Amino acid sequence: MSFKVNDNVTWVGKIDWELRKFHGEELSTHRGTSYNSYLVQGSEKTVVIDTVWKPFAEEFVENLKKEINLNEIDYIVANHGEIDHSGALAELLREIPGTPVYCSQAGEKSLRGHYHQDWNFHTVKTGDKLSLGDKELIFVEAKMLHWPDSMFCYLTEDNILFPNDAFGQHYASEHMFNDLVDQDELYSEAIKYYANILTPFSKLVAAKIKEVTGLNLQVDMICPSHGVIWRKDPLQIVNKYMEWAQAYQENQVTIAYDTMWDGTRRGAEAIAAGIKEANPDITIKLYNAARSDINDVITEIFKSKGIVVGSPTINRGILHSIAALLEIAKGLKFQQKKACAFGCYGWSGESVKVITGLLEEAGFELINSDGLKIFWNPDEEAVANANAYGREIGTALA
Ligand code: FEO
């Protein structure tokens with residue numbers, strides 16, 4: 001499969017309908033993904049921007065041969081060294097050895113580290129240009145968006161930004177353009193992608209967007225390396241990124257818990273009822289973390305102004321689904337979110353203290369540093385206490 005992005009740019013990537021986990025088992029991709037590769041033909045030079053994930057390398061090269069005589073490819077641009085975009089480089093360069101590979105300095109390190117090949121690397125910095133004849137590619141380093149080697153490039157005359165992972169979505173669609181797909185699906189995949197991948201780099205995201213918009217380049221299309229191409233109102237996703245990058249929150253609270261014999265679940269529901277009483281307008285999302293997709297829960301936390309985290313005590317600690325959730329939250333460095341803990345216990349009862357410590361370590365502002373300990377399965381009085389705790393949380397988030 002291939003399709004025309006415009007007269008000079010052809011999409012030559014791979015739609016991966018089957019993918020359900022990305023980065024090993026780390027990130028769920030309920031709607032698959034695509035690995036976008038672009039063939040750009042100028043009046044004098046032809047360039048391939050990025051390739052596809054390694055399992056599709058042969059298919060990629062075979063498809064590319066249907067578009068062009070590979071010997072007519074003058075340059076390859078590797079905006080990012082991660083395998084989902086560089087995975088077909090070896091296969092392609094076996095066919096056209098010696099073709100210059102343009103990448104950032106860190107990109108060369110990454111590609112050498114992954115493939116141990118002495119390819120014809122040409123490293124570029126922000127502002128460097130590559131002429132294709134009637135138009136040129138301008139490179140913009142984009143460190144930590146989302147890896148140190150990440151880079152954007154901009155095609156003059158056509159006014160297309162190729163930002164690699166930025167502005168992408170793990171979203172397989174036969175349509176491949178933003179104006180042709182279901183807008184709710186697109187939005188939910190774009191925000192999930194930002195929440196789970198880009199959140200820790202939010203300050204850099206905002207700075208990079210300001211830097212790129214400060215160049216006053218006209219952007220008629222944004223062609224990311226995953227998901228659909230933004231051609232209708234392409235800056236809408238840039239504006240969303242600016243919003244998401246600035247301690248984004250909606251009027252929402254997420255309660256995430258795990259439970260062994262239902263005590264902590266009942267506590268969670270009583271807390272939710274209390275929040276609702278004190279703060280009727282707030283959206284409350286309740287998740288059993290062990291039975292939910294962890295990346296979907298993270299997306300809801302990203303959208304929340306506060307979170308409430310619960311686990312019963314086990315072996316003087318907490319259940320592993322909650323430990324995993326808090327480990328991810330710590331890495332994502334959420335900003336300006338409030339939080340507190342709860343959990344039931346029968347014997348030693350450390351879970352609330354453990355969760356409270358992890359929340360603090362992850363940068364959450366504590367609503368109540370004592371948390372709520374529920375003794376055994378909550379009786380009427382304990383339910384009333386959990387309800388009051390919920391009201392305290394609801395008030396704190398008003
Ligand atoms: Fe889509 Fe950072 O790879």
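These figures come from a predicted structure and were not determined experimentally. Both ligands and their constituent atoms are indexed starting at 1 by order of listing.
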- prompt: Would one find more than 12 heavy atoms of other residues, nucleotides or ligands at under 6.0 Å from atom CD of Glu58?
  reply: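 Open: at most 12 neighbouring heavy atoms sit under 6.0 Å from CD of Glu58.
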field: Residues Lys109, Asp149: salt bridge by 4.0 Å N-O rule
entry: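 Result for this pair is no, no salt bridge flagged.
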field: Electrostatic pair Asp118-Arg112, nearest N-O below 4.0 angstrom
entry: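 Counted as a salt bridge, because a side-chain N and a carboxylate O are separated by less than 4.0 Å.
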field: Sub-6.0 Å ring centroid separation between Phe167 and Tyr241
entry: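 Phe167 vs Tyr241: aromatic centres under 6.0 Å.
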query: Do the rings of Phe3 and Phe177 sit parallel, tilted or perpendicular, given the 30° and 60° boundaries?
result: perpendicular
task: Could you please compute the angle at atom 2 (Fe) of ligand 1 from NE2 of His80 to NE2 of His146, rounded to 10°?
output: 100°
Name of whichever N/O/S atom of Asp84 is nearest to atom 1 (Fe) of ligand 1: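 It is OD2, the N, O or S atom of Asp84 closest to atom 1 (Fe) of ligand 1.
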- prompt: What N, O or S atom of Asp165 is found closest to atom 2 (Fe) of ligand 1?
  reply: OD2
message: Of all the N, O or S atoms in Glu82, which has the shortest distance to atom 2 (Fe) of ligand 1?
response: OE1
task: Please confirm if an N, O or S atom belonging to His85, backbone or side chain, lies less than 2.8 Å from atom 1 (Fe) of ligand 1.
output: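 So His85 counts as coordinating atom 1 (Fe) of ligand 1, yes.
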